[in-house]
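Presented below is the structure to which this report refers.
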Amino acid sequence: MALPAQLRPIQHHLRTAQEHEARDPVVAYYCRLYAMQSGMKLDSKTPECRKFLIKLMDQLESMKKEMSDHDSITQEVVGNAHIENYALKMFIYADNEDRGGRFHKNMIKSFYTSSLLLDVLCVFGELSEENIQHRKYARWKATYIHNCLKSGETPQ
Amino acid sequence: TGSVGTSVASAEQDELSNRLAKLRDQM
């Protein structure tokens, strides 16, 4: 179903969920849960948004049923650790590439995806100051390196 | 039709909020 314009701020989280459907269904589940919660705050009034969110909720409920044996789904604290570890793993990979002067699409995407997953951590409560800084840095780095490569400059 | 539309909308919104709360409760 096409994403209504009012829900555009969650489109990258939903794309990350799709990308992880097979690779890591727990990540996919929490990306969709974050998108659901954020989507309801963005716009649950207009008919097309409501329709979209109802479909997303259907998907979440069936995912939850399929994964009812996963601790990461049934226990919030385990889910929190799962997402945080995954986000930081992506951040560390991208940061190592950056420090090694190896600039490429993969590391940009890793920086950006780690920032999206740090957004998703908000599902579990307030972000720590450290994760807020990580998210800001990762998003800035992804944008900066992307723009450098696009204009043919070498990122510093 | 205006008021009917509005009440359908808010009923669906409430239902979504309840479903979300239920989804999270079982976590």
Side-chain angles (χ1 to χ4, degrees), chain A residues 4 6-7 10 17 25-83 120-125, chain B:
Chain A
Q6 302 93 315
L7 299 181
I10 58 174
V26 174
V27 167
Y29 176 80
Y30 283 111
C31 284
R32 291 195 173 113
L33 182 60
Y34 172 82
M36 184 72 217
Q37 291 190 179
S38 309
M40 286 185 70
K41 289 177 199 141
L42 284 166
D43 181 342
S44 59
K45 283 195 171 49
T46 49
E48 63 273 16
C49 288
R50 225 174 33 250
K51 227 162 104 197
F52 183 90
L53 291 171
I54 288 170
K55 276 228 171 307
L56 181 57
M57 179 55 82
D58 293 345
Q59 202 176 14
L60 272 165
E61 286 169 345
S62 64
M63 284 184 86
K64 172 151 205 129
K65 229 175 261 144
E66 281 155 32
M67 296 198 282
S68 54
D69 55 340
H70 277 58
D71 285 353
S72 319
I73 300 295
T74 53
Q75 294 175 53
E76 188 142 328
V77 70
V78 181
N80 190 342
H82 186 107
I83 299 297
V120 171
L121 275 184
C122 298
V123 159
F124 302 105
Chain B
T1 50
S3 62
V4 170
T6 321
S7 52
V8 166
S10 59
E12 278 185 347
Q13 271 177 290
D14 293 346
E15 194 211 347
L16 262 179
S17 305
N18 295 336
R19 287 172 72 183
L20 183 57
K22 197 159 152 259
L23 191 79
R24 300 228 46 188
D25 275 351
Q26 290 155 2
M27 244 169 23

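In what follows, every chain begins at residue 1, and chains take the letters A, B, ... in the order their sequences are listed.
The distance from atom CZ of Arg24(B) to atom CE of Met36(A), rounded to the nearest 0.5 Å, is 12.0 Å.
No side-chain heavy atom of Gln13(B) sits less than 4.5 Å from a side-chain heavy atom of Met40(A). At a threshold of 4.5 Å between non-hydrogen side-chain atoms, the residues Leu60(A) and Arg19(B) do not count as touching.
Leu23(B) approaches Lys64(A) most closely through the heavy-atom pair O-NZ, 3.3 Å.
Neither the backbone nor the side chain of Asp71(A) has a heavy atom closer than 4.5 Å to any heavy atom of chain B.
In this structure, the side chain of Arg50(A) does not engage the main chain of Leu16(B) through any donor-acceptor pair within 3.5 Å.
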